[in-house]
Amino acid sequence: MSNQKPSLPKGTRDFAPKVVHKRNYLIKVIRNVFEKFGFQPLETPTMENLSVLTGKYGDEGDQLIFKVLNSGDYLSKANSNLAEITSHQLTPQIADKGLRYDLTVPFARFVVMNRNEITFPFRRYQIQPVWRADRPQKGRYREFMQCDADVVGTRSLLCEAEIIMMLNEIMSALGIEGYEIVVNSRKILTGMATYLGHPGEESALCVAIDKLDKIGTDGVFKELKEIGYKKLELNKLEPIIELTGSNKNKLAKLREIFGTNAPAQAGLVELEAMFSFVENMKGILETVTFDPSLARGLSYYTGIIFEVKMKDGSIGSISGGGRYDNLTGVFGLPDVSGVGISLGIDRVYDVMETRNLFPEDITSTTKVLITNFGKNEEAYALEQLNILRSNGVAAELYPDAAKLKKQMSYANNLNIPFVILIGSDEVANKNLTLKNMNTGEQSTLSISEVVKKLAQNK
RNA sequence: GUGGUCGUAGUUCAGUUGGUUAGAACGUCUGAUUGUGGUUCAGAAGGUCGUGGGUUCGAGUCCCAUCUUCCACCCCA
């Protein structure tokens, strides 16, 4: 057998122990906030039937779904002449499953399938990996973890307000500053398209104005011209996307501008209501920016939409979400409104890592290492090890009677905060030498004193 | 999916117009120190130069293909 070089599929990664510790910390903080807001955990399968996934993310989204080849002699069951069809046409004949593309659609599927068991309104959070056959870039992977929280079965804008509260709380719990929660409403975008003389064409409008940050007003206008916008219409758009001032100011000005435009006015009213809910909860609004040019988000959003981004622009958005009125409709359950957000923890991780925001003590699970001096001390050491563990102190004994230097560097490299030395003196005196690896302090103690110290030091 | 880019030790990178034995730093291991890690000093190990072809007397260096990385577009966490 020839030697084969091991490799990973494009856009996937291993996570070494120290990285997993940090990711777990991140997930723990986010989960705690989700649960504090009353969300319940849900998990769904890695694979969904392709019929569940396709058609939910637009044509381009469908291309990005990883398909799972059918088992068995799948070709004989495909009833086409291979030479005569495109790969695109062949796919549905040889694959009927696909990898989860996001967490929202599987959630919608779950809600429909379990509608009789679920008590509405249903708040659930879900933290699982998703897969996209995208071309990788920095902060873009083919396998990545999403943290979603959604509420379905209510149209109350209180839910939108709580999402703002949650996002603020997650960011402050992680110690991340310099972020911005950008909000807008799909209804404003719909109204805007009509106002500009292009009713029903808001998706083309969205694609263009969403790039405002990147290509500027001139760039956006150039793109819009290419899809048929006239000078006069662009003149009407300009004051809208160049609005400045406080959120309240922008909302007030837009109410004037849009006049009797019903969808736009409805969107503005909703945003005002959301802001006032946040104020009543004593929430923070300084981090929230209303931006009528925010247009991102999947096609299923129908109300208020959110995006969290870093002000320094160091990475793409770290969270996105919004309200959707009819996600379950395609599965036969109409009129269930929901609102949710999705956090990309790989991106949050990158932000935390570059800013050094991870606490130092999270990269070790072991609290104390007992050094191994050899046969004579072994029985006593094992006894102490057992006592530590049965008192809930994460402890390990170095497995070989290696040089102390080696054992100490082992503890040092793994960030184990304490080391217990058990040599002939300790065995004879029935005590332990405990060394604090951070301060270098060392003291002779009884096992009960050590347990007390390490248990409280949690 | 379109266009470009990168790949040399575990890691980050040098490597001249193609020329003998491919270097450094950090990390690792050993010793200075047989009961003490982080600092210091001495030494050692570690490479099919991403992979496969080609040009050449000779390729890390040039050409082609392929994989990977990163970037722009598209889209998105």
Side-chain angles (χ1 to χ4, degrees), chain A residues 2-13 16 26 30 57-65 86-88 100-104 127-148 203 206-208 210-211 214-215 219 223 295-299 306-310 315-321 340-351 369 371-374 376-377 398 401-427 432-442 444:
Chain A
S2 69
N3 245 6
Q4 137 193 23
K5 248 189 182 174
S7 62
L8 284 174
K10 189 194 288 205
T12 67
R13 298 151 297 158
L26 206 58
I30 293 170
Y57 312 107
D59 287 344
E60 308 219 344
D62 285 354
Q63 306 293 321
L64 298 180
I65 296 169
T86 62
S87 322
H88 192 62
R100 189 167 55 218
Y101 177 91
D102 73 355
L103 301 177
T104 308
I127 302 175
Q128 287 189 278
V130 302
W131 291 267
R132 294 185 189 175
D134 208 354
R135 188 169 289 202
Q137 279 181 39
K138 194 170 196 71
R140 299 178 75 160
Y141 307 99
R142 290 184 143 183
E143 176 181 58
F144 62 97
M145 190 73 92
Q146 283 197 327
C147 301
D148 275 34
S203 49
C206 287
V207 168
D210 182 52
K211 296 179 192 161
K214 204 181 280 183
I215 60 178
E223 286 207 8
R296 287 192 160 188
L298 298 161
S299 48
F306 307 91
E307 181 166 295
V308 180
K309 53 187 177 187
M310 302 307 298
I315 197 151
S317 69
I318 55 181
S319 179
I341 43 144
S342 180
L343 273 145
I345 81 151
D346 299 270
R347 288 186 176 177
V348 178
Y349 182 99
D350 284 350
V351 171
L369 174 82
T371 55
N372 187 330
F373 276 65
N376 295 335
E377 293 82 8
Y398 197 88
K403 290 188 176 170
L404 247 203
K405 181 185 168 78
K406 191 171 167 64
Q407 301 192 37
M408 296 298 284
S409 356
Y410 173 85
N412 193 53
N413 290 342
L414 268 59
N415 282 325
I416 298 173
F418 293 94
V419 168
I420 288 174
L421 294 131
I422 297 178
S424 49
D425 293 355
E426 285 81 1
V427 176
L432 307 169
T433 298
L434 179 72
K435 174 160 184 157
N436 181 323
M437 294 295 280
N438 291 322
T439 62
E441 282 176 296
Q442 192 165 306
T444 305

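So that the names make sense, note that chain A is the first sequence line, chain B the second, and so on, each numbered from 1.
The phosphate of B:rG35 has neither OP1 nor OP2 within less than 4.0 Å of any side-chain N or O from A:K403. One finds a side-chain N or O of A:Q137 lying less than 4.0 angstrom from the OP1 or OP2 phosphate oxygen of B:rA72. OP1 or OP2 of B:rC74 sits under 4.0 Å from a side-chain N or O of A:K211. When the side-chain nitrogen and oxygen atoms of A:K10 are compared with OP1 and OP2 of B:rU68, one or more of them lie within a distance under 4.0 Å. Look at A:K405 and you won't find any side-chain N or O under 4.0 angstrom from OP1 or OP2 of B:rA32.
When each of A:S319 and A:G11 is assigned the nucleotide of RNA chain B bearing its nearest heavy atom, the one mapping closer to the 5' terminus is A:G11.
Between A:K211 and A:E223, at least one side-chain N (NZ, or NE/NH1/NH2) sits under 4.0 Å from a carboxylate O, which counts as a salt bridge. The pair A:R140-A:D134 meets the salt-bridge criterion, with a side-chain N (NZ, NE, NH1 or NH2) lying under 4.0 Å from an Asp/Glu carboxylate O. Between A:R13 and A:D346 a salt bridge is recorded (basic side-chain N to carboxylate O distance below 4.0 Å).
Aromatic ring orientation, A:Y57 versus A:Y101: tilted (interplanar angle from 30° to 60°).
Under the Watson-Crick and G-U wobble criteria, each requiring two contacts below 3.5 Å, nucleotide B:rA25 is paired to B:rU11.
Regarding A:E60, its CD atom lies at a distance of 14 Å from the P atom of B:rA77, rounded to whole Å. With rounding to whole Å, A:R347 atom CZ is found 5 Å from B:rA77 atom C1'.
Aromatic stacking of A:F144 on B:rA77: satisfied, with centres closer than 5.5 Å and planes within an angle under 30 degrees.
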